[in-house]
Amino acid sequence: MFEKVLIANRGEIALRIHRACREMGIRTVAVHSTADNDAMHVRLADEAVCIGPPSARDSYLNKAAILSAATITGADAIHPGYGFLSENADFAQMVEEHGFVFIGPTADHIRMMGDKITAKQAVKDAGIPVVPGSDGSIDSEEEALRVGAEIGYPVLIKATAGGGGKGMKVARTPGELVEAWKMARNEAKAAFGNADVYMEKYLGHPRHIEMQILADNYGAVVHLGERDCSLQRKHQKVLEEAPSPALNADQRARIGKIACDAIAKLGYRNAGTIEFLFENGEFYFIEMNTRLQVEHPITEAITGIDLVREQIRIAAGAPLGYTQDDVRFQGHAIECRVNAEDPQSFIPCPGRISGYHAPGGLGVRVDSGLYSGYRIPPHYDSMIAKLIVHGNSRNEALMRLRRSLGEYVIEGIKTTLPLHNRLVQDSDFVNGDYDIHWLEKFVERNT
Ligand code: MV4
């Protein structure tokens, strides 16, 4: 097992990784910008190295500075967390070339899944259902019109280098298609330096359902069930739950088996998430995430499996040690993302936390680096805490969520806690009756 792990991230996820390491008897190295001198993960880590000024480009994205910190501290491995360099194939490759272990998949798998056309073709060949659409990129107006006629309108143009919704354009008629194709290419070129786009049938009212998988270096693969992440606004998830209120056990087992077989066939290893759109009882692959995800705790809650510990064990060469039949799903979990933002306008509100009290009690978990007196720096993502509740049933989880939201006190800044308080009273949400567009309409109704 590793003796020392460098945590190439900040905030609650850096703390989360530190905690897994500490339990495993692994020493930790925090790397941080000058804006994070007082961060909780820096205080708790065994060692800390300042790697640059506040700007993420010069610190948390500074590959050379991070590798230097790993060298001078004698770390064995690097955990990238989520965001920042977590899905940067070049970084994963550099980490390995410098003799450290990258706690995640291989650089080749990150690269494969980072290009959405390559990813879609690879998972399709491995047996995963995909959204009907073009084979590969659409390189001319004629090709766009031909494929559009083939798959039927409305269609969606997506950037191969995109993901997370950037560079997507809907065309409802052939008349709109050429313009949408041109705009998508221009946006993709400007945003990613790669103009390649592809086309899919546009699904109007899907849910966003993602399967968590774990794979070791010896071909063993398990799935840890799904997460329903449909409640999002401008491609930012707001609340996630597991299991999905829309799936039954047969559907879960069916898509879980397909996902595991595909992962084994691709030779993928470590943790991964396969994202699907789910509409009218059918799954359609959209993307694969090759990192630990923000919402991983709800999967931990219903399976009792520590995903970060599993990532570290797998990276160290340990076998999974259990099979799909050993994975037991218990109850229901919900995560609320708490952002330092105005709950109506969603404008970020960094600043000093003057008072802080986190909820607790049975079935309640808070992942956060906040403390009273902490100053939230303005340079990074506004997510400051995750409230995760677990119950034996969805209703029990909801009861716990309402109770713990009521206990949560964050003073001195605005947060999205009031949004969550309204959401948990809404009858559509309580009934699990929502799709990927529902939350944006809810926010409009409530402003
Ligand atoms: C789609 C879609 C409808 N049809 N693909 C948005 C982000 C990217 N990961 C994929 N996205 C979508 N792809 C087809 N063929 C609708 C979306 C989409 C979406 C997906 C998941 C969660 C939230 C979303 C919000 C808007 C659009």
Side-chain angles (χ1 to χ4, degrees), residues 82-83 86-87 113-121 123-124 128-138 144 147-148 150-172 176-177 180-181 183-184 187-188 191-192 194 196-212 226-242 244-247 255 272-291 293-295 335 337 346 429 434-444:
Y82 53 67
S86 61
E87 291 179 293
M113 298 307 173
D115 183 284
K116 305 306 165 190
I117 292 175
T118 313
K120 188 176 178 182
Q121 191 59 51
V123 304
K124 186 182 176 192
I128 290 185
V130 300
V131 190
S134 60
D135 285 320
S137 64
I138 302 264
V147 179
E150 227 169 78
I151 62 181
Y153 291 83
V155 298
L156 189 60
I157 313 285
K158 296 181 171 182
T160 192
K166 265 187 250 162
M168 297 197 326
K169 290 280 172 262
V170 182
R172 304 202 170 267
E176 289 177 10
L177 183 56
W181 173 77
M183 280 178 62
E187 278 186 26
F192 315 112
N194 177 350
D196 285 356
V197 297
Y198 62 111
M199 193 190 299
E200 285 185 346
K201 177 97 188 156
Y202 177 70
L203 305 177
H205 296 283
R207 297 178 79 111
H208 172 134
I209 293 180
E210 55 185 36
M211 294 291 309
Q212 176 70 55
E226 81 283 4
R227 297 183 286 259
D228 195 319
C229 306
S230 302
L231 293 174
Q232 56 84 42
R233 184 188 161 273
K234 298 195 191 287
H235 302 294
Q236 296 295 316
K237 294 169 186 168
V238 170
L239 178 152
E240 308 94 347
E241 56 180 316
S244 169
L247 284 201
I255 197 66
T273 300
I274 308 178
E275 294 188 351
F276 296 95
L277 297 178
F278 181 71
E279 191 175 78
N280 300 328
E282 299 291 336
F283 290 93
Y284 305 91
F285 170 88
I286 42 171
E287 285 171 25
M288 176 156 184
N289 300 320
T290 55
R291 61 171 190 278
Q293 293 200 250
V294 174
E295 59 272 25
E335 170 180 277
R337 297 190 186 195
F346 299 94
F429 173 64
Y434 56 81
D435 62 26
I436 61 170
H437 303 297
W438 186 89
L439 186 72
E440 309 222 4
K441 289 180 236 157
F442 173 82
V443 168
E444 264 172 46

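Just follow the structure's listing: the first ligand is 1, and inside any ligand the first atom is 1.
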What protein heavy atom sits nearest [atom], and how far away is it?
atom                    : result
atom 7 (C) of ligand 1  : G165 N, 3.2 Å
atom 25 (C) of ligand 1 : Q232 NE2, 3.3 Å
atom 13 (N) of ligand 1 : K158 NZ, 3.1 Å
atom 2 (C) of ligand 1  : L277 CD1, 3.5 Å
atom 11 (N) of ligand 1 : M168 SD, 3.7 Å
atom 16 (C) of ligand 1 : I436 CD1, 3.9 Å
atom 22 (C) of ligand 1 : H208 ND1, 3.4 Å
atom 26 (C) of ligand 1 : H235 CE1, 3.4 Å

Would you mind writing out the side-chain donor-acceptor pairs for residues 281-288 within the sub-3.5 Å range, not counting sequence neighbours?
none

**Asked** Is there a donor-acceptor pair closer than 3.5 Å between any side-chain N or O of T160 and the backbone N or O of I117?
**Response** yes

**L203 contact mode with ligand 1 (heavy-atom cut-off under 4.0 Å)** = both

**Message:** For K201, which part has a heavy atom under 4.0 Å from ligand 1: side chain, backbone, both, or neither?
**Reply:** backbone

What about [X]: any of its N or O atoms under 3.5 Å from an N or O on ligand 1?
X    : value
H437 : no
E287 : yes
Y202 : no

**Request:** Report yes or no: do D196 and S137 form a side-chain donor-acceptor pair below 3.5 Å?
**Result:** no

**Request:** State whether a side-chain donor-acceptor pair under 3.5 Å links R227 with T273.
**Result:** yes

Is it true that [X] and [Y] make a salt bridge, defined as a side-chain N closer than 4.0 Å to a carboxylate O?
X    : Y    : result
K169 : E187 : yes
D135 : K124 : yes
K158 : E200 : yes

**Request:** For V131, take its heavy atoms, then give the atoms of ligand 1 lying under 4.0 Å from any of them.
**Result:** 15 (N)

**Request:** Mind checking side-chain contact (heavy atoms from CB on, under 4.5 Å) for P154 and listing every partner two or more places apart, or none if nothing turns up?
**Result:** V170, R172, Y202

**Request:** For atom NE2 of H437, decide whether the heavy atoms of other residues, nucleotides or ligands shown that lie under 6.0 angstrom number more than 12.
**Result:** yes

